[in-house]
Amino acid sequence: MNTNILGDCKSGNSDVGCPPNGTVSVIKNSVPATTNTSSDATLGRHLARRLVQVGVKDVFSVPGDFNLTLLDHLIAEPQLKNVGCCNELNAGYAADGYARCRGVGACAVTFTVGGLSVINAIAGAYSENLPLICIVGGPNTNDFGTNRILHHTIGSPDFSQELRCFQTVTCYQAVVNNIEDAHEMIDTAISTCLKESKPVYISISCNLPGIPHPTFSREPVPFSLSPKLSNKMGLEAAVEAAAEFLNKAVKPVMVGGPKLRVAKACDAFVELADSCGYPFAVMPSAKGLVPEHHPHFIGTFWGAVSTAFCAEIVESADAYLFAGPIFNDYSSVGYSLLLKKEKAILVLPDRVVISNGPTFGCVLMMDFLKELAKRLKHNNTAYENYSRIFVPDGKPLKAEPREPLRVNVLFKHVQDMLSSETAVIAETGDSWFNCQKLKLPKGCGYEFQMQYGSIGWSVGATLGYAQAVPEKRVISCIGDGSFQVTAQDVSTMLRNEQKSIIFLINNGGYTIEVEIHDGPYNVIKNWNYTGLVDAIHNGEGKCWTTKVTCEEELVEAIQTATGVKKDCLCFIEVIVHKDDTSKELLEWGSRVCAANGRPPNPQ
């Protein structure tokens, strides 16, 4: 039977059936219910059609003997493309990047050796509230419950090790080893993924994908996921309390957090800003979720490493509304934010907390922000204060002819490349801080993984994001240390004719870790990075590489990448000094170091 689960699904693209709250979700362009031939009425084809229905057009996979038959059925679906990756970790990262853009992603790997390789990427997607469907080819149904020992396991007849590992990083796990309940388990898993905006795990026994069954005899009926609803009394009480609190304030401000995405409240947040006149900022992990060209946008609030004049306005406000925040040691700069709970309203995806006072549950963020917009008095005092103290950003010192390239000069030129037809992927490291200062034009995408912060994420994420929106040119800023973790899947970008621009920032080590705690382990072996990518290219596909050491060479490289090589994957290795970092990383690193180095509390 078809499942019908309460909750709205995660949307990042109009092709995915994710409507505004209060309407019924219907997957666009769905196939009418028709009877399938016996060859199509199989578990594998049902899963493939379900993936297409919810918006997945590309599955990132690594083949293994337990998933080969399943992959046969996935690639038999005309609207589904198999994107073969070099390793499972990158397949998971690619599905992560894909989900950020299209609203849902999927990867397919083999049992245990594949599953435990991809699990790091799944954990990252879980931490970032991304709906990701992780499909694993499992053991033959006849081997369950026996005393047999299988390959790709730890040598125990208990096959549940992989499942137990996934239980903490997925919101639902389906082990499909019985054809009778396969339809229900698959549908429940996928609908739960959309409802919870978290990854799910689906293990399918290797001898089941090609088996027909009456439950698959018709085209799957599109999901109808009933939206979550706010408690009306709770919503009214929360809005009344918040309006009373904010209307008494002299210089209130708003700050958007990363959970605006999962709450689908980005538009409602901007509508509230339009209505009340408050200035608004974003937390670093929310960059790109709200328009930076908005007249009342004042930058990134990141404590001591905020963009210029932003922290002064936020921390001096007498009331602040945080929508969807995550306060961790990184976003709080080692727990050093100068915020007071009694001044704050915290709006979570389904909960509102007013200062030190009442908490209102079962109140959806989008509903709350829309209703609050009707009740707030217009107050632009804080924005006027910001306008009075604001001084435009200075420009990097002009480089001398052939002077060694500085990082701030690099990002001055990256800024000039941005448009509505580009997207930025920022790797964990100093690129976090340099990309945070970029001013995003309308329509420019932006993604980075702050909560999990796994180095190497950006290579797979670039692959997945570019596959999801081929009409955008992805600009990735990746450090040399991170690139060494996941470099192989530049190969997959070339196979799929992607045209991203990768800036490989070569400064000889793990610079972000140097600034937290230095040691010889932060120095890495230097590679010939352009030579490596040329070797991967091997004359197949469109690829252009270059190495730059000064501004003149950088300018020429960017002109080439955006001109005659605009249809190529462009890899630009940027050589900079090992100690050339943003001032924000220096400040942030010292504060995180202090937080990490706190002595144990007395027992």
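Side chains are part of it too, since the values below use all heavy atoms of this structure and drop only hydrogens, waters and symmetry mates. Positions are given from 1 along the sequence.
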Ignoring hydrogens and geometry beyond distance, is a side-chain donor-acceptor pair present between [X] and [Y] at under 3.5 Å?
{"X": "Ser197", "Y": "Asn129", "value": "no"}
{"X": "Gln173", "Y": "Thr170", "value": "yes"}
{"X": "Gln451", "Y": "Ser127", "value": "no"}
{"X": "Thr422", "Y": "Arg473", "value": "no"}
{"X": "Thr69", "Y": "Asp72", "value": "no"}
{"X": "Tyr201", "Y": "Glu162", "value": "yes"}
{"X": "Asp158", "Y": "Ser160", "value": "yes"}
{"X": "Arg50", "Y": "Gln53", "value": "yes"}
{"X": "Asn82", "Y": "Ser61", "value": "yes"}

Between [X] and [Y] (salt bridge meaning N to carboxylate O under 4.0 Å), is one present in this structure?
{"X": "Asp40", "Y": "Arg45", "answer": "yes"}
{"X": "Glu292", "Y": "Lys287", "answer": "yes"}
{"X": "Arg100", "Y": "Glu128", "answer": "yes"}
{"X": "Glu271", "Y": "Lys370", "answer": "no"}

- Let me see the working for Glu77 and Arg49 under salt bridge (Lys or Arg N to Asp or Glu O under 4.0 Å), right down to the final yes or no. CA-CA 7 Å; Glu77 168 55 50; Arg49 288 188 289 265; 5.1 Å; no
- Note on the structure: Residues passing the salt bridge (charged side-chain N to carboxylate O under 4.0 Å, His left out) test with Asp350, sequence neighbours excluded, are none
Centroid-centroid under 6.0 Å between [X] and [Y] rings:
{"X": "Phe297", "Y": "Phe280", "result": "yes"}
{"X": "His46", "Y": "Phe216", "result": "yes"}
{"X": "Trp457", "Y": "Phe448", "result": "no"}
{"X": "Tyr98", "Y": "Tyr465", "result": "no"}
{"X": "Tyr335", "Y": "Phe327", "result": "no"}

Rounded to the nearest 0.5 Å, what separates atom [atom1] in [X] from atom [atom2] in [Y]?
{"X": "Ile135", "Y": "Phe60", "atom1": "CD1", "atom2": "CZ", "value": "12.0 Å"}
{"X": "Leu74", "Y": "Leu80", "atom1": "CG", "atom2": "CG", "value": "6.0 Å"}
{"X": "Ile478", "Y": "Gln484", "atom1": "CD1", "atom2": "CD", "value": "12.5 Å"}

- Task: Could you tell me whether Lys198 atom NZ has more than 12 heavy atoms of other residues or ligands within 6.0 Å of it?
- Result: yes
- Is it true that atom CG of Asp267 has more than 12 heavy atoms of other residues, nucleotides or ligands lying nearer than 6.0 Å? no
- Any chance you could lay out the side-chain contact (heavy atoms from CB on, under 4.5 Å) test for Thr300 and Met283, step after step, and finish with the verdict? CA-CA 6 Å; Thr300 297; Met283 300 183 76; over 6 Å; no
- Message: Quick check against the 3.5 Å criterion: does Thr188 have a side-chain atom that pairs as donor or acceptor with the backbone of Met185?
- Response: no
- Query: Would Leu208 and Leu70 satisfy side-chain contact (heavy atoms from CB on, under 4.5 Å), going step by step from the backbone distance to the final call?
  - Reply: CA-CA 8 Å; Leu208 292 184; Leu70 177 60; over 6 Å; no
Hey, does [Y] have a side-chain heavy atom less than 4.5 Å from the side chain of [X]?
{"X": "Val176", "Y": "Asn178", "result": "no"}
{"X": "Cys134", "Y": "Phe166", "result": "yes"}
{"X": "Lys81", "Y": "Gln467", "result": "yes"}
{"X": "Ile190", "Y": "Ile202", "result": "yes"}

- Item | Asn87 vs Gln488, side-chain contact (heavy atoms from CB on, under 4.5 Å): CA-CA, chis, key distance, verdict | CA-CA 8 Å; Asn87 61 55; Gln488 305 97 305; 3.2 Å; yes
- Query: What do the steps show when you test Thr141 against Asn207 for side-chain hydrogen bond (donor to acceptor under 3.5 Å, both in side chains), and what is the final call?
  - Reply: CA-CA 7 Å; Thr141 58; Asn207 59 334; 2.9 Å; yes
- Task: Mind running side-chain contact (heavy atoms from CB on, under 4.5 Å) on Val363 and Val347 for me, showing each step along the way?
- Result: CA-CA 9 Å; Val363 175; Val347 187; over 6 Å; no
- Item | Intermediate values then yes/no, side-chain hydrogen bond (donor to acceptor under 3.5 Å, both in side chains), Tyr93 and Asn120 | CA-CA 9 Å; Tyr93 286 154; Asn120 185 50; 3.1 Å; yes
- Query: Could you go step by step and tell me if Phe144 and Phe159 meet the ring pair (Phe, Tyr, Trp, His ring centres under 6.0 Å) rule?
  - Reply: CA-CA 8 Å; Phe144 284 89; Phe159 305 151; 5.7 Å; yes
- Name the one of Ser458, Ser454, Ser476 that satisfies side chain to side chain donor-acceptor pair (under 3.5 Å) with Glu427? Ser458
